[in-house]
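Shown next, in structure tokens, is the structure this report addresses.
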Amino acid sequence: LIVGVLTGLRSVAAPDTLRLGQLTDKRPLRQVAQLITTWPTANWPAAWAAPAQPAPARTDGRFAYWWRLTVQNNASRPQTLYVFGGNNATITCYVLAPGPRLLHVLRTGSAVPADHWAYRHHDQYVPVPLAAGQTATLLVRVANRPGVLPFLTSAHLPRPSLNAWIETE
């Protein structure tokens, strides 16, 4: 049991770091991030501690899917990293400092209210500001909006899309 716990912690504590200076074009998250599947009620500490799994052939609306990656702004100026979450009901990006310590919670998606007029793709991008030299771990949660309809109808649609990517300014 202890070996299993230590193995899980080791994979979380030392993920590969993506340096923004190496990101010249948009990159699919499946190439640079680890995928975690949880129940929709799981919080970010549970996703942080969970082991990575291979991407499923088909997602299921009863689960939440998390992409976990560590990024570093290796530039001498602040930069914004954009997480494109696709056409999903809710996309929540948790920005974590080492420790882990929660820095920001950023939300978007077709079921997330906005305080401004809608424009093309406004509900698909999450802007993540990073200071010069800052390293942060991102937990990007993709899931359906919680509600009573799936419970009443046993319909777990739409399925969350894992076709997400990241890009810089």
request  = Answer yes or no: is there a side-chain heavy-atom contact under 4.5 Å between V32 and W67?
outcome  = no
request  = Measure the shortest side-chain to side-chain distance between W44 and W66 over non-hydrogen atoms and say whether it is less than 4.5 angstrom.
outcome  = yes
query = Which atom names give the shortest non-hydrogen contact between S76 and A132, and what distance separates them?
reply = C-CB, 3.5 Å
request  = Mind running side chain to side chain contact (heavy atoms under 4.5 Å, CB included) on L96 and L138 for me, showing each step along the way?
outcome  = CA-CA 6 Å; L96 308 171; L138 306 181; over 6 Å; no
request  = Could you tell me whether a side-chain N or O of R19 sits under 3.5 Å from a main-chain N or O of T17, the two making a donor and an acceptor?
outcome  = yes
inquiry  = For a quick test of reading the model, state the closest non-hydrogen atom pair linking P51 to I36 and the distance between them.
reply    = O-CG1, 3.9 Å
message = Given 3.5 Å as the limit, does a donor-acceptor pair link the side chain of R107 with the main chain of I91, or not?
response = no
query = Between T70 and T137, do the side chains contain an N or O donor and an N or O acceptor separated by less than 3.5 Å?
reply = yes
query = Is the side chain of T59 donor-acceptor paired with the backbone N or O of P160 at a distance under 3.5 Å, no angle test?
reply = yes
message = For W39 and F63, take the angle between the two ring planes, folded into 0 to 90°, and tell me which bin it lands in: parallel under 30, tilted 30 to 60, perpendicular over 60.
response = tilted
task = Answer whether the closest heavy-atom distance between the side chains of P100 and L139 falls below 4.5 Å.
result = no
message = Any heavy-atom pair between the side chains of C93 and V128 that's under 4.5 Å?
response = yes
request  = Might you point out which heavy atoms bring T90 and A143 nearest each other, and give the distance in Å?
outcome  = OG1-O, 2.9 Å
message = Any side-chain to backbone donor/acceptor pair from Q79 onto P129? Under 3.5 Å, distance only.
response = no
ask   = So do the side chains of R27 and L18 get within less than 4.5 Å of each other, counting heavy atoms only?
value = yes
inquiry  = Donor-acceptor pair, distance only, cut-off 3.5 Å: does the side chain of R141 make one with the backbone of P40?
reply    = yes
task = Look up atom CZ in R101 and atom CG in L103, then write down how far apart they are to the nearest 0.5 Å.
result = 5.0 Å
Pairwise side-chain contact, V83 with E167, heavy-atom cut-off 4.5 Å (strictly under) = no
request  = Show your working on ring pair (Phe, Tyr, Trp, His ring centres under 6.0 Å) between W48 and Y94 and close with a plain yes or no.
outcome  = CA-CA 10 Å; W48 169 260; Y94 297 86; over 10 Å; no
note = So CG of L23 and CG of L81: to nearest 0.5 Å the spacing works out to 7.0 Å
ask   = Would you say the side chain of K26 lies within less than 4.5 Å of the side chain of I166, judging by non-hydrogen atoms?
value = no
request  = Taking N73 for its side chain and Q134 for its backbone only, find out whether a donor-acceptor pair lies under 3.5 Å.
outcome  = no
inquiry  = Looking at every non-hydrogen atom in both residues, tell me the closest pair between D60 and Y65 and how far apart they are.
reply    = N-OH, 2.8 Å
remark   = For A33 and L69 the tightest heavy-atom approach is CB-CB, 3.9 Å
request  = Indicate the atoms forming the closest heavy-atom contact of S161 with V142, along with that distance.
outcome  = O-CG1, 3.5 Å
ask   = Just how far is it from atom OG1 of T38 to atom CD of Q53, taken to the nearest 0.5 Å?
value = 9.0 Å
key: Sub-4.5 Å side-chain heavy-atom contact between L130 and L20   = yes
